[in-house]
Undergrad: 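My questions will all concern the structure given below.
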Amino acid sequence: MVTVIQRPTPELAQRATEVLAGPNALVGLNVADLMASAGRLASLAARSPLTVVEHEAALVSELARVLAGRSSMTPAPGDKRFADPVWLSNPVYRRYLQAYLAWSQCAGALVDGLGLEGIDLQRGRFLATLLADAMAPSNTLAGNPAAVRKAYETGGASIAAGVKNLLSDLLHNGAMPSQVDKSAFKVGENLATTPGAVVFRSEVLELIQYQPTTDKVHARPAMLVPPQINRAYVYDMAPGKSVVEYLVDSGFQVFLVSWRNPTTEHSHWGMAEYVAALLEAIGAMKTICGSRDVTVHAACSGAMTVAALLGHLAAVKDRSVHCTTQMVAVMDQSEESQISLLASPRAIARAKAASARKGVLEGGAMGRVFSWLRPNDLVWNYWVNNYLMGNTPPAFDILYWNCDTTRLPAKFHAELLDVFGSRLLATPGALEILGTPVDLSALRCDRYVMAGLTDHITPWRSCYRTAKMMGGEMTMVVCAGGHIQSLINPPGNAKTKYFLNDNLPEHPDEWLAGATQHNDSWWPHWRDWLAARSGRQKAAPAALGSARFPVLANAPGDYMLT
């Protein structure tokens with residue numbers, strides 16, 4: 001049976017890139033904190049009756065213009081909720097839409113006008129936006145002209161399909177609208193299919209070596225390190241969009257770390273355990289390839305772990321890592337972002353206590369947090385598609401990977417919160433790994449840093465600033481895309497581009513202003529950078545593994561599936 005995979009639209013691809021678990025998801029949505037902010041908002045409203053009346057009067061005036069057909073209110077450009085032409089051509093729907101826009105605009109203006117400051121203002125805006133998004137007329141069957149039209153054209157079959165999808169999600173998806181058709185994918189069959197084998201296994205990770213496809217390979221092997229919160233096949237998606245496949249076909253000896261999905265018995269795993277496991281894996285790579293050192297390339301939280309590893313190696317004068325790549329990664333959260341919305345000291349303490357009680361932080365819980373932080377894209381979009389339109393969720397590999405979450409050990413979860421909240425990696429000596437203080441300014445290896453221009457999870461300015469605090473020669477690349485859209489960026493896409501600038505001024509905006517635009521994927525540039533640092537070429541190995549590290553299982557291994 002051949003499965004036909006739906007080609008994702010650019011909008012869907014962009015949404016998929018902004019769902020990864022980041023600092024907000026590590027903290028979680030604390031209802032008590034949000035309700036406390038709502039209480040302060042209500043209290044200020046009660047003490048500011050003139051402000052409330054002023055905004056109410058403005059709303060009533062605009063609603064009068066709506067009813068008279070004189071309102072000029074239109075949805076924001078690019079708002080897909082109201083793309084159907086019926087919203088403007090039909091007088092009833094047009095008035096409904098304009099009344100909604102007037103009300104939501106008034107709610108936002110009222111929050112801004114009540115004198116809230118700091119985190120309370122951010123939370124007030126968040127609550128107003130959350131309510132406005134939920135109340136959108138497009139979220140109801142009668143208020144969605146496309147859904148009404150489809151119900152009529154299908155004789156009600158779309159409504160029946162929508163009810164079926166709703167019941168399925170209530171039973172099997174935590175009452176959240178499914179973002180992807182999970183039945184369309186299977187790891188090892190149409191995902192993570194690059195030929196290879198597990199050549200090392202510890203309690204924490206499996207190390208996969210991939211079969212060379214070229215007669216000659218670079219002598220120095222490359223290790224790919226994924227984030228701990230998602231599956232390792234982020235580097236080995238479908239053929240044609242696989243980082244592993246691209247590097248193998250470019251003549252590199254490629255190894256992939258596949259983290260074990262921890263359970264409550266692994267709650268004691270912390271940064272030190274992950275770093276120690278990487279050290280063992282590097283030792284296996286050096287033995288298998290007969291190399292004195294390796295190159296290491298990591299993304300997101302995996303890059304934070306590698307930074308701790310490099311800090312430890314620098315402290316003990318170990319040059320086992322010749323060069324490294326940091327992809328969509330920050331070492332602290334100094335850049336202003338939405339993290340302050342949730343990360344109050346009390347919320348962080350509660351998040352640590354909750355994972356300590358359970359022993360792990362569930363990846364699914366983090367995914368739900370991010371969905372509600374971007375509800376139009378990640379909740380109501382699928383509500384309309386699945387329930388009102390009665391469509392099957394899209395079959396999109398990156399969305400499938402995003403939903404294929406893993407767990408974090410409680411200790412590692414707490415340490416990540418401290419890394420962000422207390423800037424442990426950004427402060428020399430604040431973090432200790434395997435008995436040595438970590439000072440990232442002491443690094444001496446070359447570094448390739450890639451960030452996404454529209455990345456909301458690890459903002460590119462944060463990537464730039466935190467990368468500059470590290471030692472070693474740095475090459476900076478900014479790709480025009482979001483978090484995973486930047487990472488999974490194979491050549492051949494005429495719409496993609498990246499920016500380069502050999503100068504590294506203090507401010508990231510100065511760097512971008514002086515950068516040169518290149519209309520292609522950043523992968524070929526990275527390949528050439530890595531080739532120059534991967535040693536001489538030699539005959540490709542005839543077999544995977546070695547006498548000391550024999551093949552244990554075919555790729556994708558066991559840990560990627562459990």
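We count residues from 1, following the sequence as given.
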Undergrad: Within this structure, what is the NZ-CZ distance for the pair K358 and R407, rounded to the nearest 0.5 Å?
TA: 12.0 Å

Undergrad: Side chains of D236 and S242: any donor to acceptor distance under 3.5 Å?
TA: yes

Undergrad: So how far is it from R231 CZ to D404 CG, rounded to the nearest 0.5 Å?
TA: 4.5 Å

Undergrad: Under 3.5 Å, side chain of S486 to main-chain N/O of G481, donor-acceptor pair present?
TA: yes

Undergrad: What distance do T194 atom OG1 and Y246 atom OH have between them, rounded to the nearest 0.5 Å?
TA: 14.5 Å

Undergrad: Roughly how far apart are N385 CG and N391 CG, rounded to 0.5 Å?
TA: 4.5 Å

Undergrad: Does T458 offer a backbone N or O that forms a donor-acceptor pair with the side chain of S462 under 3.5 Å?
TA: no

Undergrad: Ring centres under 6.0 Å, that's the criterion: do W259 and Y274 meet it?
TA: yes

Undergrad: Counting only heavy atoms not in R149, do more than 12 fall under 6.0 Å of its CZ?
TA: yes

Undergrad: Mind checking ring pair (Phe, Tyr, Trp, His ring centres under 6.0 Å) for F82 and listing every partner two or more places apart, or none if nothing turns up?
TA: W87

Undergrad: Below 30° counts as parallel, above 60° as perpendicular, anything between as tilted: where do the rings of F185 and Y400 land?
TA: tilted

Undergrad: Quick check on D528: does its CG atom have over 12 non-hydrogen neighbours (other residues, nucleotides or ligands) under 6.0 Å away?
TA: yes

Undergrad: Heavy-atom count check: over 12 atoms from other residues, nucleotides or ligands less than 6.0 Å from K164 NZ?
TA: no

Undergrad: To the nearest 0.5 Å, what is the distance between CG on L453 and CZ on R461?
TA: 8.0 Å

Undergrad: Among W522, W523, Y448, whose ring-ring contact (aromatic ring centres under 6.0 Å, His included) with W529 holds?
TA: Y448

Undergrad: Side-chain contact test, heavy atoms from C-beta onward, threshold under 4.5 Å: evaluate it for P262 versus W269 and give yes or no.
TA: yes

Undergrad: For E473, does the CD atom sit with more than 12 other heavy atoms under 6.0 Å from it, leaving out its own atoms?
TA: no

Undergrad: Is it the case that the side chain of N386 and the backbone of N165 share a donor-acceptor pair, with hydrogens and angles ignored and the cut-off at 3.5 Å?
TA: no

Undergrad: For L408, does its backbone N or O pair with a side-chain atom of Q228 as donor and acceptor, under 3.5 Å?
TA: no

Undergrad: In Å and rounded to the nearest 0.5 Å, what is the CG to CE distance from L224 to M327?
TA: 6.0 Å

Undergrad: Would you call the rings of H297 and W526 parallel, tilted or perpendicular, where under 30° means parallel and over 60° means perpendicular?
TA: perpendicular

Undergrad: Over 60° means perpendicular and under 30° means parallel, so tell me whether Y464 and W460 are parallel, tilted or perpendicular.
TA: perpendicular

Undergrad: Is it true that a side-chain atom of T454 and a backbone atom of G482 form a donor plus acceptor pair closer than 3.5 Å?
TA: yes

Undergrad: Give a yes or no on this: more than 12 heavy atoms of other residues, nucleotides or ligands lie within 6.0 Å of atom NZ of K286.
TA: yes

Undergrad: Is it the case that the side chains of S178 and D169 hold a donor-acceptor pair, with the cut-off being a distance below 3.5 Å and no angle test?
TA: yes

Undergrad: Quick one: are V217 and K538 in side-chain contact, heavy atoms under 4.5 Å?
TA: yes

Undergrad: Quick check: does any side chain N or O of N190 sit under 3.5 Å from a backbone N or O of A184, one acting as donor and the other as acceptor?
TA: yes

